[in-house]
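Data first, discussion second: the structure below is written as structure tokens.
A note on names: the letters A, B, ... follow the listed sequences, proteins ahead of strands, and every chain is numbered from 1.
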Amino acid sequence: MLTLKNIIENRNAVIEGLHKKHFAEAEKVIDEIIDLDKERRNTQKELDTALAEQNKIAKQIGALIGQGKRSEAEAAKEQTARYKEQSKLLGEKLNEYEKMLRDKLLQVPNLPHESVPEGRTAEDNKTERTGGVVPDMPTEALPHWELAKRYDLIDFELGVKITGAGFPVYKGKGARLQRALINFFLDEARNAGYLEIEPPHVVNTDSGYGTGQLPDKEGQMYHVTVDDLYLIPTAEVPVTNIFRDVILAEKDLPRKLAAYSACFRREAGSYGKDVRGLNRLHQFGKVEIVRIDKPEHSYDSLDEMVRYVESLVRKLELPYRILRLCGGDMSFTSSLTFDFEVFSAAQKRWLEVSSVSNFESYQANRLKCRYKTAEGKTELCHTLNGSALALPRIVAALLENNQTPNGIRIPKALVPYCGFEIID
RNA sequence: GGUGAGAUGGGUGAGUGGCUGAAACCAACAGUUUGCUAAACUGUCGUGCGGGUAACCGUACCGGGGGUUCGAAUCCCCCUCUCACCGCCA
């Protein structure tokens with residue numbers, strides 16, 4: 001969430017930023033927050049005064065009893081009743097203000113970076129650059145779900161039987177290709193300086209709030225109600241929460257971590273051709289990279305992460321484009337996001353395979369992830385993350401783009417990991 | 001699942017009602033000394049909120065919530081978690 005300090009000191013700039021993100025009633029909400037904060041401060045002041053008075057009397061009573069002046073001590077006790085009553089009421093009032101303030105703050109999305117293009121929908125995203133070659137496919141080219149069936153790589157129906165739609169079963173070279181991609185991505189990440197993490201796949205509510213899945217995206221996660229735990233929708237959640245309530249030393253920054261995990265998403269409301277095959281699943285594999293950095297370095301970090309993800313897509317020889325998301329298409333918590341899409345040649349569609357974002361201090365503020373500067377000041381870190389990469393759509397594009405009459409060709413970089421050059 | 005013990009600052013760990021936001025030690029940081037390193041010595045060293053240009057002041061926090069009391073890290077209740085042993089088990 002945004003810091004109060006930022007909202008109060010930069011009211012107009014904040015509202016302008018929220019407009020760019022198409023946040024409704026920005027002025028109203030921001031001014032409510034500012035007013036609530038004033039009330040909160042006044043209440044706090046009154047409460048502190050009452051408590052100070054109480055503490056003073058309590059100390060006096062202690063001293064009087066020490067001196068054996070019992071009757072004077074008794075008299076002093078009478079005085080505290082009034083302050084006690086007062087501070088109790090003020091305390092309740094303060095809690096209310098704090099709760100209201102927090103609720104309001106949680107409703108406010110992050111502010112977009114100045115370089116975020118204006119716009120409302122995906123149509124308005126700006127293409128940063130493209131790479132790779134879109135293959136010239138014959139008309140009889142098959143979509144990946146047909147290829148998966150022909151070569152017995154993925155069994156969607158079996159998944160339906162075991163679990164339900166959106167939980168495919170990978171078999172043989174299909175399963176080995178998945179494993180190859182995971183190892184490839186993790187090795188690449190390690191070579192790029194990321195610390196490999198194997199995180200829990202289930203998290204508690206504190207972690208859900210820490211990275212912002214709760215409360216706004218509650219319905220998107222699978223909830224294990226008996227234990228009040230959530231299946232992770234991305235490794236971002238457990239990995240970023242490593243830094244919850246942590247104060248890092250300046251020299252410890254940046255921190256770079258990478259993790260593979262299965263990701264679980266309910267995808268409530270999705271339907272139609274978008275969800276065909278591997279395009280949208282309830283469970284999928286993904287390697288995520290997470291970075292914690294000093295504010296002044298975070299945009300350099302973001303660039304580095306984008307270049308890193310780009311290197312992966314290039315090594316996989318996939319045609320891709322990098323989009324700078326517009327204000328309306330960005331996620332609630334992001335300041336600047338680049339999406340990576342690969343072209344899936346038989347479907348003739350661009351598929352999103354990565355989303356790389358700088359959250360600035362928005363997540364860190366909820367997480368209470370801070371660092372101590374050389375001058376000894378405690379400041380919020382900036383957090384960033386990106387997919388590097390999500391498996392299913394990569395698999396979809398690999399299958400479709402590399403199909404030949406003799407089978408499906410495996411890109412060179414992946415052959416050592418797969419142990420085969422062709423799927424036939 | 002059963003039984004028992006515990007949860008204190010970056011770490012170890014004292015502290016059973018007022019002089020404790022918290023001893024001591026370790027780590028860390030700064031300085032003195034030194035050819036360099038080390039050692040030794042000196043000092044600093046939690047977080048949030050409110051007030052103040054600032055020095056600083058007030059307030060809250062000893063797992064979380066509630067209670068007793070003029071006053072709670074310390075007493076009472078509830079919850080959570082951790083550890084140990086037993087049972088079960090990849």
Rounded to whole Å, how long is the line connecting atom CD of Glu92(A) with atom C1' of rG66(B)? 13 Å
Distances under 3.5 Å between nitrogen or oxygen atoms of protein and nucleotides 44-47 of chain B:
| from | atom 1 | to | atom 2 | distance (Å) |
| --- | --- | --- | --- | --- |
| rU47(B) | OP1 | Lys372(A) | NZ | 2.4 |
| rU47(B) | O3' | Arg370(A) | NH1 | 3.1 |

In this structure, how many angstroms lie between the C1' atom of rG48(B) and the NZ atom of Lys368(A), rounded? 9 Å
Below the 4.0 Å mark, does rC49(B) have OP1 or OP2 next to a side-chain nitrogen or oxygen of Arg40(A)? no
Is there any protein nitrogen or oxygen under 3.5 Å from a nitrogen or oxygen in nucleotides 15-21 of chain B, and what are the pairs?
| from | atom 1 | to | atom 2 | distance (Å) |
| --- | --- | --- | --- | --- |
| rG18(B) | N2 | Ala58(A) | O | 2.8 |

Are Lys28(A) and Glu32(A) within salt-bridge range, i.e. N to O under 4.0 Å? yes
Got a list of protein N/O to nucleotides 53-59 of chain B N/O distances below 3.5 Å?
| from | atom 1 | to | atom 2 | distance (Å) |
| --- | --- | --- | --- | --- |
| rG58(B) | N2 | Asp48(A) | OD2 | 2.7 |
| rU59(B) | OP1 | Asn55(A) | ND2 | 3.2 |
| rU59(B) | O2' | Asp48(A) | OD1 | 3.2 |

Can you check the distance between rA60(B) and rA72(B), where both ends of the measurement are the P atom (answer in whole Å)? 9 Å
N/O-N/O pairs, protein side and nucleotides 75-82 of chain B side, under 3.5 Å:
none

Distance in angstrom units between Asp37(A) CG and rC49(B) P, rounded: 11 Å
Nearest-Å distance for atom pair OH/C1', residues Tyr83(A) and rG71(B): 16 Å
Given His144(A), which of Leu153(A), Asn279(A), Asn401(A), Ile154(A) fulfils the side-chain contact (heavy atoms from CB on, under 4.5 Å) condition? Asn279(A)
side-chain contact (heavy atoms from CB on, under 4.5 Å) between Trp145(A) and Leu278(A), worked out: CA-CA 7 Å; Trp145(A) 53 87; Leu278(A) 294 171; over 6 Å; no
What pairs meet the ring pair (Phe, Tyr, Trp, His ring centres under 6.0 Å) rule with one or both residues in residues 8-27 of chain A, with sequence neighbours excluded? none
Report the distance from atom CD of Glu98(A) to atom P of rG50(B), rounded to the nearest whole Å. 9 Å
Could you tell me whether the side chain of Asn365(A) and the main chain of Met1(A) form a donor-acceptor pair under 3.5 Å? yes
Contacts satisfying ring pair (Phe, Tyr, Trp, His ring centres under 6.0 Å) that involve residues 200-222 of chain A (not counting sequence neighbours) are none
Donor-acceptor check, side chain of Asn110(A) to backbone of Tyr362(A), threshold 3.5 angstrom: yes or no? no
